[in-house]
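Data first, discussion second: the structure below is written as structure tokens.
As a basis for the values below, the full set of heavy atoms in this structure was taken, side chains included, without hydrogen atoms, waters or symmetry mates.
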Amino acid sequence: MYNMDRIFEKEGRKFPGATYSEVVLAPAYEHAKQSLLEPMLAIHKAHLIMLVNQGLLQVSEASQIMIGISALDKEALLQSTYDGQHEDLFFLVESQIMNVAGEVGGSLHLGRSRNDMGVTMYRMVLRDKILVATRALFSFQETLLKVIDTYKETIVLGHTHTQQAQPMTFSHYLLGMYDVVDRDLKRLKAAYDTCNASPLGAAALTTTGFPIDRNMVAELLGFPKIIKSAYDSIGGADYLGEIATAIQLTFINLGRFAQDLLLWSSQEFSAIRVADPYVQTSSIMPQKRNPVSLEHIRALSSSGIGNAQTVLQMLHNTPYGDINDTEDDLQPYLWKGLHLIDQVFRLTKVVVGTLEVNEALLKRRAQESFATITELADTLFREANIPFRTSHSIASQVVKIALAKGLNATHVTSALVDEAAKVVVGVPLNLPEEVILTAMDPEHFVKIRSLPGGPAPEEMKRAIVEREARLQSYLSLHQTEVSRITVCMEKLDQLTSQWGKTDEDNQPINLDDWKRLE
């Protein structure tokens, strides 16, 4: 027979129940103490400065509160485990501040709620992690440009629909990947800009009756703007979805790249060789060189996609408002996804930066392939003054005849072209031998494709210079943003360090003080 009392005997009769603590509160506490403690303390300091400047607290009261904040043993908090004595990290920290500061310590919470504090902490953590992730992408691009410069004249076969298509260079392929990463960065930057806005002052969801200054707190914490609607500050979750989507596309693109590299490193392709630090051998097959680093890049990319998709799934069909689905249970998936970007792109950087390319083999394959037949058709149009579709048909017939005779592209001659022309138009074209040989040369094919975006070495040089300049500009902006936020956090400590002392001359802090600090 069902006995409710037996459940209460195990769970307890007051909050939090044992199983609720185990499944929800303890894991949330672990994540919070590792990732949210520092943002929480920064918010406390910024809010405290604002309360004094708005006349809501006296300097003497702020000094008492700062004594409580300064007395916090952060190392002990980081080593602590959830014991159920306080609902979460916020209440534990508040309790410890009040133990030192007294009842006035509770006034630190004037004009705010755990709601706006929580979203602010999430946004502060996420913006830091996005900056770390984007730095890894920039670093990968720096290495990739060096590899692109190395192989800008290395002839390889380009493929469409997995079949040999046209000659290009290895750098032409890599530059395409570089630009994909550029768009990944653009998406992450847009997600960063959306995330980097302050919800503080929204309180629970309707702001507060106290005359607080939302803009001042935002500036103190390094936010360039506030979220205008208090309800959106608390209920909006698209900033999470935007980050998740950017993560997904970044990993989807990287996974496609890794898949190509894995295929090309197979013995059947033998196009590239992964350096020894990034391969493993077999326990029983000593000849094996397993490019496991590429496998891990692909697998971890899939993991990152999964983490991001979990976020989007958790957001789906949730109410537009304050809801746990967007909070403690969801945030670690984004944190892990952004951390994976940093890890995986750092690994990809060193693997790609140490690749060896089998240039001689790839060039020979391009020479023997009929991938240059496009240029033969173009040449027939130019040199024989015939319609393009006719020249295309003749070129196609050249391939058919050569294959029937067991010939490869290096055996295509003027005589073979004339044989094909007789089939298509009934008469030979009588083009000089050197014209046909040039048309079938993959190096010539690449060289004359010098339009913007083409594989010609000269165009590749121009493209590298252009992208290097843009990358340096992006890196400078990135470093400026990292430094700006770092300085904001340092200023908070500088501004509040004068409080919590016995000096009776302590005065309120205003933004002029803030802006003068270096």
Side-chain angles (χ1 to χ4, degrees), residues 136 139-140 143-178 180-181 251-306 340-371 403 406-411 442-443 446 455:
S139 184
F140 170 65
T143 295
L144 194 56
L145 280 179
K146 293 181 175 66
V147 178
I148 290 169
D149 188 53
T150 300
Y151 295 109
K152 60 182 176 292
E153 297 186 19
T154 300
I155 303 295
V156 302
L157 284 169
H159 293 74
T160 60
H161 302 282
T162 73
Q163 302 301 304
Q164 295 177 0
Q166 292 182 333
M168 60 178 189
T169 62
F170 190 51
S171 292
H172 184 63
Y173 171 87
L174 293 178
L175 190 67
M177 186 62 203
Y178 180 97
V180 169
V181 175
F251 278 126
I252 287 171
N253 292 330
L254 182 61
R256 298 181 74 195
F257 181 50
Q259 176 67 10
D260 281 348
L261 297 182
L262 269 167
L263 182 64
W264 296 341
S265 63
S266 66
Q267 288 170 298
E268 285 74 16
F269 266 81
S270 296
I272 60 174
R273 179 183 173 91
V274 176
D276 288 346
Y278 313 110
V279 299
Q280 288 175 285
T281 188
S282 164
S283 63
I284 64 170
M285 296 172 283
Q287 87 283 3
K288 294 292 292 298
R289 290 189 83 259
N290 300 324
V292 292
S293 53
L294 293 174
E295 294 177 30
H296 286 298
I297 290 168
R298 183 175 60 180
L300 290 172
S301 295
S302 297
S303 174
I305 292 167
L340 269 176
I341 288 180
D342 173 51
Q343 289 183 309
V344 176
F345 272 87
R346 285 192 291 110
L347 176 59
T348 307
K349 168 188 171 178
V350 295
V351 172
V352 173
T354 54
L355 284 177
E356 295 179 23
V357 179
N358 195 339
E359 298 182 73
L361 174 64
L362 292 172
K363 182 176 181 179
R364 185 173 74 249
R365 284 178 178 168
Q367 290 170 331
E368 294 176 352
S369 167
F370 287 100
L403 291 175
L407 305 176
N408 63 43
T410 63
H411 300 120
E443 288 190 17
V446 167

Taking all non-hydrogen atoms of both residues into account, name the closest pair between [X] and [Y] and its distance.
X	Y	result
Ser303	Leu340	OG-CD1, 3.8 Å
Val446	Pro455	CG1-O, 3.5 Å
Ile297	Ala258	CG2-CB, 3.9 Å
Lys288	Thr281	O-OG1, 3.3 Å
Ser301	Val344	OG-CG1, 4.2 Å
Asn408	Phe370	C-CZ, 3.6 Å

- Message: Within the supplied structure, the quantity of interest is the number of heavy atoms (other residues, nucleotides, ligands) at a distance under 6.0 Å from Gln287 CD; does it exceed 12?
- Response: yes

- Query: Parallel, tilted or perpendicular for His159 and Phe269, by the 30°/60° rule?
  - Reply: tilted

- Kindly assign one of parallel, tilted or perpendicular to the pair Phe251 and Phe345, based on the angle between their ring planes and the thresholds 30° and 60°. tilted

Quick one: pull up [atom1] in [X] and [atom2] in [Y] and give me the separation to the nearest 0.5 Å.
X	Y	atom1	atom2	result
Ile272	Asn358	CD1	CG	10.5 Å
Ile148	Leu175	CD1	CG	5.0 Å
Tyr178	Phe257	OH	CZ	13.5 Å
Glu359	Leu362	CD	CG	8.0 Å
Arg273	Gln267	CZ	CD	10.5 Å
Tyr278	Thr354	OH	OG1	5.0 Å

Keeping [X] on the side-chain end and [Y] on the backbone end, is there a donor-acceptor pair under 3.5 Å?
X	Y	result
Arg289	Val274	yes
Ser266	Leu262	no
Lys152	Asp149	yes
Thr154	Thr169	no

With a 4.5 Å limit on heavy-atom distance, are the side chains of [X] and [Y] in contact?
X	Y	answer
Val147	Leu355	no
Val181	Asn253	no
Phe170	Thr150	no

- Pair Thr143-Thr348, side-chain contact (heavy atoms from CB on, under 4.5 Å): steps then yes or no: CA-CA 10 Å; Thr143 295; Thr348 307; over 6 Å; no

- Task: Apply salt bridge (charged side-chain N to carboxylate O under 4.0 Å, His left out) to Asp260 and list each qualifying residue two or more places apart in sequence or on a separate chain.
- Result: none

- Intermediate values then yes/no, side-chain contact (heavy atoms from CB on, under 4.5 Å), Met168 and Val156: CA-CA 6 Å; Met168 60 178 189; Val156 302; 3.8 Å; yes

- Stepwise, does the side-chain contact (heavy atoms from CB on, under 4.5 Å) test hold for Arg346 with Val350? CA-CA 7 Å; Arg346 285 192 291 110; Val350 295; over 6 Å; no

